[in-house]
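Convention: sequence-line order gives letters A, B, ...; per-chain numbering from 1.
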Amino acid sequence: MAGDGTPILEVDALTLAFGGVRALSGVTFPVARGSITSVIGPNGAGKTSLFNSISGFYRPQGSVRFEGQSIERLAPPKRAKLGLARTFQNIALFRGMTVLDNIKLGRHAHMRTGVLDALFYLGRARREEMELRRDVEERIIDFLEIDHIRKAPVGSLPYGLQKRVELARALAMRPKVLMLDEPVAGMNREETEDMARFILDVREEWGVTVLMVEHDMGMVMDISDHVVVLNFGQVIAQGLPRDVQADPQVAAAYLGSGNVDDLRAKLGADARKVA
Amino acid sequence: MRIASAKESYATDEALFDSAVQRAWFAVLLLALALFPFTVNQYWAYLACLAAINVISATGLNILTGYTGLVSLGQAAFMGVGAYTVAVLEARLGTPFLLNLLLGGCMAAAVGMVFGIPSLRVKGLYLAISTIAASFILHFVFANWTSVTKGVSGINVPPARLFGIDLDTPFKLYWVIVPLAVLMLLGAANLFRTRVGRAFIAVRDRDISAEVLGIPLLRTKLTSFALSSFYAGVAGGLWAYFFRVVTPESFPLLMSIFFLAAIIVGGMGTILGGILGAVFMTLVPELLKLGVGVVSPFWPEAAVVLSPVRTVVFGALIVGFLVFEPQGLTEMWRRTRRFFHLWPFKT
């Protein structure tokens, strides 16, 4: 299902330099509403820099438009409130807190309880917390099948589950665009399949647009509607998964040669492994 | 052995005391606190009041340092702001007692927020040093703004009056200080069931991902400073009514270190930690003194020989906690509870 109408997120001529190193130069691509868009590229291609620029940690040149509105001057919390949620490559959960509290934190920007409400825990504080608990339990915890660990401290969980909790926390942010930084890195095949299923379900059931960075070519090619290939901070190809696979420049970036058949063989093998 | 605690609604699962047993114990504790002053002499009432004041202030520091991760050595100075505000209001204007306490807390909160501004840029030891600066600046103000603070001679505070009764003994003040401490502790516990408290913990654990979740760092840190100082200010106000004189020397830097030690010994980032730590730090020196008193009939030189030893023992206890129970008294309490929950099975 490729998205229709205007793109929900437009990255336009994004350029980011650290001293003399250009991490991104003139990166331009659209993210269609309701699509799953993947950014791929070799290590050091600038994928995480791109994510950090979109979520507001870096201040690049160029523009980022979210639902038609320029957001490049907004601080990260403001972008979060607009509906831009993300997960991190190295899980950024709060290890000492329980799964439930971690997920609840996602809703922070959408709640209004102030300090006085909180101290007395009456009226608004109680009402908001109860609504939140119900919503987290019934829409998120149930959906991601993590009921059994809701009161466990996050630090005690295995890696795959922590990734899932991070996804849960991002969903609690009521995102319009969900940015996933390597959602299946380091996972075994079963965990990867679970995660791919959750990503597809999130798109179907929640109508959330997904933008992800991922190295697992099998998964990228299976579930993406649009693939953007970065190399040395530049977009070298973008389009439908099969078109990108056929692009000789992509093959060169990955394999160091222009031989398309090598890459096709490699990608085909990856895809079979996952399927 | 406790088998399980099944819940029928989210509300009961989110409750502060989530089982009937816990509620019963809390009721017993309140009853014990209510009966306590009738069973002891003025000296123990005095100690109980002092401990309760320290509990309030330590809980405030725990909100800031334990929960938000901002190390502060300014807690005593913020107490001083509350104490002076109360003293000036009471001595000059004679405004009502509880209103003075509230205003003392608010004044301390405002001052605390100002000294919290550096926390956006500096953390850890650096922030601790910048709050020491706050402590010196405030001491200078207390000592030199003579038109308001009467300089080094300090301000004598008339006794608190409530419903026409002069609260001039520890026994009478107990009925204000302890209920207030209980209320403020419940407030702090409530805080960490809501978004406000969760944001504090998020800032402590990972400030970068907190920002991505939509938590504004500066605002959250300043809120934490304000709340913490509010607690300090109310504690300072009670201190002023309790000792009835406020001087610049009443709130030395050493007292800030006392509170930091209290939350470390008690357990950082837990409500119980602030209570246990402050009570421990207030009462243990007294208990050691009492121990010396018990021995002295049999050993006449006990007081002479043991008094210096007492300080050493107290210090050794603190070091012992840091080494053997870094999670503090709270962790010991939890382990004890777990033992009884699992009994007769081995933990």
Keeping the roles fixed (side chain from B:S229, backbone from B:A232), state whether a donor-acceptor pair exists under 3.5 Å. no
Among residues 48-84 of chain A, those lying within the under-4.5 Å heavy-atom range of chain B are A:F57, A:P76, A:P77, A:A80
Tell me if the CE atom of B:M107 is crowded by more than 12 foreign heavy atoms within 6.0 Å. no
Please check this pair: side chain of B:T131 against backbone of B:A134, looking for a donor-acceptor N/O pair closer than 3.5 Å. no
- Query: Under the 3.5 angstrom rule, does the side chain of A:D181 hit a backbone N or O of A:F88 as a donor-acceptor pair?
  - Reply: no
Over 60° means perpendicular and under 30° means parallel, so tell me whether B:F192 and B:Y67 are parallel, tilted or perpendicular.
parallel
Max heavy-atom pairs within cutoff under 4.5 Å with chain B, candidates A:L100, A:V115, A:N102, A:D117, goes to A:V115
Would the distance check show the side chain of B:S57 and the main-chain N or O of B:N54 forming a donor-acceptor pair, the cut-off being under 3.5 Å? no
Any side-chain heavy atom of B:W333 sitting closer than 4.5 Å to one from B:R338? no
Greatest number of non-hydrogen atom pairs under 4.5 angstrom with chain B, of A:M130, A:M111, A:R107, falls to A:M111
Using modelled atom types and a 3.5 Å cut-off, is there a donor and acceptor pairing between side-chain atoms of A:E182 and backbone atoms of A:V213? no
If one checks every heavy atom of A:L116 against chain B at 4.5 Å, the contacting part turns out to be neither
Q) Is a side-chain N or O of B:S228 found less than 3.5 angstrom from the main chain of B:G60, in a donor-acceptor match? A) yes
Ranking A:A118, A:G114, A:A85 by heavy-atom pairs under 4.5 Å to chain B gives rank one to A:A118
Under a 4.5 Å heavy-atom criterion, the part of residues 145-175 of chain A in contact with chain B comprises A:K151, A:R169, A:M173
Hey, does B:L102 have a side-chain heavy atom less than 4.5 Å from the side chain of B:F230?
-> yes
Turns out that what part of A:F120 lies under 4.5 Å from chain B's heavy atoms comes down to backbone
Cut-off 4.5 Å, heavy atoms of chain B, and the answer for A:L132 is side chain
Between the OG1 atom in A:T37 and the CG atom in A:L211, the distance rounded to the nearest 0.5 Å is 6.0 Å
(message) Assess whether a salt bridge exists between A:R133 and A:E137, defined as any Lys/Arg side-chain N lying under 4.0 Å from an Asp/Glu carboxylate O.
(response) yes
Under 4.5 Å to a heavy atom of chain B? For A:R124 that would be neither
Can a salt bridge be assigned to the pair B:E211 and B:R206 using a cut-off of 4.0 Å between side-chain N and carboxylate O? no
Max heavy-atom pairs within cutoff under 4.5 Å with chain B, candidates A:R95, A:R86, A:M97, goes to A:M97
